[in-house]
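Just so you know, these numbers come straight off a predicted model, no measurement behind them. Note: hydrogens, waters and symmetry copies are ignored here, and every other heavy atom, side chains too, is used. Ligands are counted one by one from 1 in listed order, and the atoms in each one are counted from 1 as well.
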Amino acid sequence: MQYISTRGGVIGHYCDILLEGLAPNGGLAVPERMPQIDSVDLERWRHLDYADLATEVIGLFATDIPRDDLARLCRAAYDPARYASAEMVPLRDIGDGLTLVGLSEGPTLAFKDMAMQFLGEALDYVLEKTDGVLNVLGATSGDTGSAAEHALRGRDRVSVFMLSPQGRMSAFQRAQMYSLHDANVHNIAVEGVFDDCQNLVKQLAQDLDFKKAHRIGAVNSINFGRISAQIAYYVWAWLRYTDRLPEAEREGVEVSFAVPSGNFGNILSGLYAKLMGLPIRKLVLATNENNVLDEFFRTGIYRPRSAADTVATSSPSMDVSRASNLERFVFNLLGRDPHRTAATWETLADHDTFDLSAEQGRFESEFGIVSGTSTHEDRLRTIRAFFESHGVTLDPHTADGAKVAREHVEPGVPMLVLETAKPQKFADTITEALSTPIVADAETRALFDAPQRVTMLPADAEQLRALIEKSALR
Ligand SMILES: *Cc1c(COP(=O)(O)O)cnc(C)c1O
């Protein structure tokens with residue numbers, strides 16, 4: 001399987017694109033064709049554990065990794081000892097026709113662990129083979145940074161330089177990151193907001209000589225390794241849901257998924273699963289007040305907002321106004337035509353908007369995507385409602401998903417809501433919703449008590465450059 005750029009040209013194989021974010025022409029790496037699965041595959045996979053299922057699914061994309069090696073990587077990434085639930089990804093009915101898909105049982109209590117744990121293993125594997133090293137440089141508003149650090153900590157060939165905005169993350173997120181003392185983890189708290197962090201990363205990434213000299217890479221949400229690993233849990237959720245049905249009634253049963261969305265990474269994996277042949281009816285995209293994607297899917301007009309027009313919400317991991325993975329959807333929408341895709345992104349660069357309203361009817365009919373917005377009030381109300389009716393505490397992002405999911409439930413079609421984080425990570429909002437403080441368990445208290453280590457830095461590219469020069473692996 002080769003990978004091509006959404007704007008044209010061949011990029012390479014799976015192992016090549018793991019280390020490369022963007023294609024040289026600015027496009028994103030996509031598989032040259034979508035692998036297909038059918039009901040025979042699904043029944044063959046029904047009895048596999050999570051690691052073996054992930055091997056099958058990722059193996060359709062990572063054809064340049066020998067199957068035994070891939071199985072070993074997946075077994076390490078999806079070792080039940082790394083997850084809070086023995087089921088890895090448990091399903092739980094929460095009423096109103098909704099079923100929660102527990103993707104947040106990993107080490108940092110967010111769904112990003114599911115892909116990042118695999119990526120950590122895969123990066124090590126590729127670097128071992130090529131005798132290389134990689135210095136991951138990234139910016140985080142919370143979940144990405146901690147998931148990356150927990151996946152990469154203690155590795156010999158990878159180090160992490162993670163910028164976070166001083167005083168802008170939850171106490172839990174800070175503790176998760178800053179309590180890591182591994183020599184290869186560098187936490188850098190920048191004086192400023194998340195966008196200042198991201199701008200610093202961009203400034204350094206644009207300096208190609210610096211990037212090359214210091215082996216700088218990224219594990220952000222456009223990384224195809226993450227996209228491919230996420231497809232596995234859509235398949236898993238379908239299998240576990242249909243386990244409940246009599247054997248003769250399972251084939252082709254359609255389910256819908258509701259996905260709390262920011263950078264369009266998670267839901268893109270769901271779309272790929274659907275295009276591969278998994279029986280998915282609808283993909284319900286939920287946004288918070290930063291509802292650029294909801295606007296796009298309702299109108300076909302994409303109008304990303306500036307950092308200044310992106311509001312800080314109580315579902316902070318979805319505070320995104322420029323969804324980096326959307327280009328992969330548009331590529332499919334435009335018949336996988338790299339010229340039309342490139343032209344659309346040229347329009348975006350020139351006018352900061354593009355208009356695909358002529359195609360909008362196909363968003364749902366062909367791709368199953370519908371959308372909705374959830375506000376702070378919706379979030380609080382939803383958290384309260386599911387707590388009262390089913391004793392389940394949803395995290396604020398998952399609550400956005402559940403709120404929008406309810407608006408799209410169809411009779412007879414199961415609605416699977418992806419749980420993208422655990423509520424402990426966002427205790428303030430839970431407390432506000434339930435009017436009682438969330439009680440910290442022993443593990444959380446120990447995390448808060450652990451000594452923290454972080455380097456303070458002004459929003460200054462030269463100082464960041466100096467810091468990396470001093471500590472980068474070479
Ligand atoms: C990252 C994240 C999201 C958004 O996922 P995308 O793949 O960026 O759309 C939603 N919820 C939580 C808790 C997250 O950490």
Exercise. Measure centre to centre between the rings of Phe329 and Phe297, then say whether the value is under 6.0 Å.
Key: yes

Exercise. With heavy atoms only and a cut-off of under 4.0 Å, state how Phe264 meets ligand 1: side chain, backbone, both or neither.
Key: backbone

Quiz item: Which residue holds the protein heavy atom closest to atom 7 (O) of ligand 1, what is that atom called, and what is the gap in Å?
Solution: Asn266 N, 2.9 Å

Quiz prompt | Arg240 charged N/C atom sitting above Trp236 aromatic ring, 6.0 Å / 45° | solution = yes

Self-check item: Pairing residues for Tyr14 by the side chain to side chain donor-acceptor pair (under 3.5 Å) criterion, not counting sequence neighbours
Solution: Ser228

Practice problem: May I ask whether Pro260 has any heavy atom positioned less than 4.0 angstrom from an atom of ligand 1? | Solution: yes

Self-check item: Ligand-side contact atoms (ligand 1) for residue partner Gly265, heavy atom cut-off under 4.0 Å
Solution: 6 (P), 7 (O), 9 (O)

Quiz item: What protein heavy atom sits nearest atom 1 (C) of ligand 1, and how far off is it?
Solution: Lys112 NZ, 1.4 Å

Quiz item: Would one find an N or O of Met318, backbone or side chain, under 3.5 Å from an N or O of ligand 1?
Solution: no

Quiz prompt | Ring centroid separation Tyr233 to Tyr50 under 6.0 Å | solution = no

Quiz item: Which of these passes side chain to side chain contact (heavy atoms under 4.5 Å, CB included) with Phe386: Thr398, Leu100, Val417, Asp96?
Solution: Asp96

Quiz prompt | Protein residue, atom and distance nearest to atom 5 (O) of ligand 1, heavy-atom basis | solution = Phe111 CZ, 3.6 Å

Practice problem: Give yes or no for whether the N/O distance cutoff of 3.5 Å, strictly under, is met between Asp143 and ligand 1. | Solution: yes

Quiz item: So, for Tyr272 and Tyr234, is the gap between ring centers shorter than 6.0 Å?
Solution: no

Quiz item: How far is atom 11 (N) of ligand 1 from its nearest protein heavy atom, and which residue and atom name does that atom have?
Solution: Thr420 OG1, 3.0 Å

Practice problem: Taking only heavy atoms of Ala421 into account, list the atoms of ligand 1 that are under 4.0 Å away from them. | Solution: 13 (C)

Quiz item: Between Asp352 and Arg303, is the closest basic N to carboxylate O distance under 4.0 Å?
Solution: no

Self-check item: atom 9 (O) of ligand 1 - nearest protein heavy atom and its distance
Solution: Gly262 N, 2.8 Å

Quiz prompt | Nearest-contact summary for atom 8 (O) of ligand 1 - protein heavy atom, Å | solution = Asn263 N, 2.8 Å

Quiz item: Are Lys282 and Glu407 close enough for a salt bridge, meaning some N to O gap below 4.0 Å?
Solution: no

